[in-house]
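Take a look at the structure below.
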Protein chains: 2
Amino acid sequence: MQFSKSTDYALHALIHLGHSERCNNVGIKELSGALGVSESYLSKIMSKLRQDGIVRAVPGVKGGYELARPADQITFLDVIQVIEGRQQLFECSNSSSRQHLLLAEEGAAQGDQERPGKNECLVEKVMNGAEQHLYQYLREHTVQSILNEAFKRCKHEANKK
Amino acid sequence: MQFSKSTDYALHALIHLGHSERCNNVGIKELSGALGVSESYLSKIMSKLRQDGIVRAVPGVKGGYELARPADQITFLDVIQVIEGRQQLFECSNSSSRQHLLLAEEGAAQGDQERPGKNECLVEKVMNGAEQHLYQYLREHTVQSILNEAFKRCKHEANKK
DNA sequence: CTTATTATGGATAACATAGGTCTACAATAA
DNA sequence: TTATTGTAGACCTATGTTATCCATAATAAG
């Protein structure tokens with residue numbers, strides 16, 4: 001279980017875009033140079049980000065990419081879900097096994113429809129809880145928060161000199 | 001990014017073992033039957049769990065598996081790390097890129113050894129924070145806590161009748 | 001001691017996904 | 001119109017997941 005390299009590239013690319021907000025568009029050449037990835041591969045990732053409305057792209061001379069919304073409204077979770085997809089982190093593979101009859105439906109016999117989550121597998125329930133926990137953390141960190149942190153580091157270093 | 005089916009099988013198998021604590025050993029046949037997985041595949045998973053000291057195995061007639069320690073000392077994290085491995089969830093793939101020079105080393109110039117984590121990439125820092133957050137949650141849930149929850153469900157249903 | 005039973009570990013294979021390249025095409029500013 | 005830049009698709013390879021099968025080792029019971 002690991003995040004893909006594409007997620008790494010996407011996050012760093014977005015930070016680069018946020019950092020270069022002054023000049024409108026950043027070309028794939030500049031981006032791939034900064035990250036050390038091939039243009040062809042990175043452009044695929046950028047396309048995904050564009051399709052999901054994270055960045056805007058303009059073709060043509062002087063074209064390139066820019067953030068589609070303020071950097072403080074682009075969360076880590078946004079980016080991760082674009083690249084990794086939105087399937088849940090954990091799924092019980094065989095919900096009709098004897099095990100599940102025991103764990104999930106033991107307490108949910110006849111017509112127990114008033115509580116819908118009741119016959120969910122307990123293992124899955126814990127794992128979904130973990131997922132929500134993780135997502136909450138990832139929602140609290142944005143491209144902007146990275147830029148702020150980098151700026152703080154920079155200033156701190158300047159003071160020492 | 002998803003947990004593998006093996007993790008699912010491992011968790012359910014351990015819960016089965018915890019539930020059948022009375023009779024000493026549970027054979028692979030009973031386990032695979034309960035989970036709806038082939039014996040050959042499940043035995044691979046059980047071997048891993050044994051190598052990491054989660055379960056004990058005895059071969060021979062009347063052999064089988066049992067938990068190697070109390071169910072409340074087997075956390076979800078333990079199981080996941082055995083099956084999924086212990087690599088970190090996220091690694092920056094190219095820490096020598098221009099991007100990283102900006103993000104990580106901007107504030108960590110000459111001889112800055114007194115703070116070791118200082119020149120870590122900020123993206124990686126957030127992701128490692130997310131990982132620790134997730135791990136903390138997974139440490140708080142054990143095989144025993146699932147058994148307790150199942151027991152509660154069972155009792156609750158009994159009261160209703 | 002022999003035998004039936006059970007777990008172990010290696011070899012192998014189908015399949016999906018990640019990671020990456022290349023090329024033809026579309027859009028746009030100069 | 002043309003040079004430049006992003007888009008989309010085909011394509012390839014390596015790796016990991018999910019599995020199966022078989023020979024071997026260990027063990028309890030007879």
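Chain identifiers are assigned alphabetically (A, B, ...) following the order of the sequence lines, protein sequences preceding nucleic acid strands; residue numbering begins at 1 within each chain.
Within 4.0 Å of B/Val58, counting heavy atoms only, lie sugar-phosphate atoms of the nucleic acid but no base atom. Counting any heavy atom pair closer than 4.0 Å across all strands shown, B/Phe3 reaches no nucleic acid atom. Residue contacts shown for B/Gln51 are limited to sugar-phosphate atoms, with no base heavy atom under 4.0 Å away. Contacts of B/Ser40 with the nucleic acid, taken as non-hydrogen atoms under 4.0 Å apart, include base atoms. Among the atoms of the strands shown, only primed sugar atoms or phosphate atoms (P, OP1, OP2) are found under 4.0 Å from some heavy atom of B/Ser47.
Scored by the side chain to side chain contact (heavy atoms under 4.5 Å, CB included) test, A/Val37 finds A/Tyr9, A/Leu35, A/Tyr41 as partners (sequence neighbours excluded).
Residues A/Leu49 and A/Ala10 share a closest heavy-atom pair of CD1-CB, 4.1 Å. What you find for B/Met46 and B/Ala13 is that their closest heavy atoms are SD-CB, 4.0 Å.
Straight-line distance from the CG atom of B/Leu42 to the P atom of D/dA19: 11 Å, rounded to whole Å. Between the CD1 atom of B/Ile28 and the C1' atom of D/dA19 there is a distance of 14 Å, given to the nearest Å. Whole-Å rounding puts the B/Glu84 CD to D/dT17 P distance at 7 Å. Taking atom CD of residue B/Gln87 and atom C1' of nucleotide D/dT17, one finds them 14 Å apart after rounding to whole Å. Spacing between atom CD1 of A/Ile54 and atom P of D/dG6 amounts to 18 Å, rounded to whole angstrom units. The nearest whole Å value for the distance from the CE atom in B/Met1 to the C1' atom in D/dT17 is 16 Å. For the pair B/Glu39 CD and D/dC22 C1', the interatomic distance rounds to 14 Å; values are reported in whole Å. Here the P atom of nucleotide D/dT18 and the CD1 atom of B/Ile45 are 8 Å apart, to the nearest Å.
Atom CG of residue A/Asp8 and atom SG of residue B/Cys92 lie 4.5 Å apart, to the nearest 0.5 angstrom.
Between B/Val61 and A/Lys5, the residue anchored closer to the 5' end of DNA chain C is B/Val61, taking for each the nucleotide with the nearest heavy atom. In terms of position on DNA chain D, the residue among A/Ser43 and B/Pro59 whose nearest nucleotide sits closer to the 5' end is A/Ser43. In terms of position along DNA chain C, the nucleotide closest to A/Tyr9 lies nearer the 5' end than the nucleotide closest to the other residue of the pair A/Tyr9 and A/Gly60.
Residues A/Asp78 and A/Thr75 have side chains that bring a donor and an acceptor to within less than 3.5 angstrom of each other. No side-chain N or O of B/Gln132 forms a donor-acceptor pair with one of B/Gln136 less than 3.5 Å apart. Judged by distance alone, the side chains of B/Thr7 and B/Glu84 do bring a donor and an acceptor atom under 3.5 Å apart.
Reading DNA chain C from its 5' end, the first and the last nucleotide to sit under 4.0 Å from a heavy atom of chain B are C/dA4 to C/dA11.
A salt bridge links A/Glu149 to B/Lys125: at least one charged side-chain nitrogen sits closer than 4.0 Å to a carboxylate oxygen.
Within the 4.0 Å cut-off from OP1 or OP2 of D/dA26, not a single side-chain nitrogen or oxygen of B/Arg50 is found.
Picking from D/dT4, D/dA19, D/dT5 the nucleotide with the shortest atom distance to the side chain of B/Tyr41 gives D/dA19.
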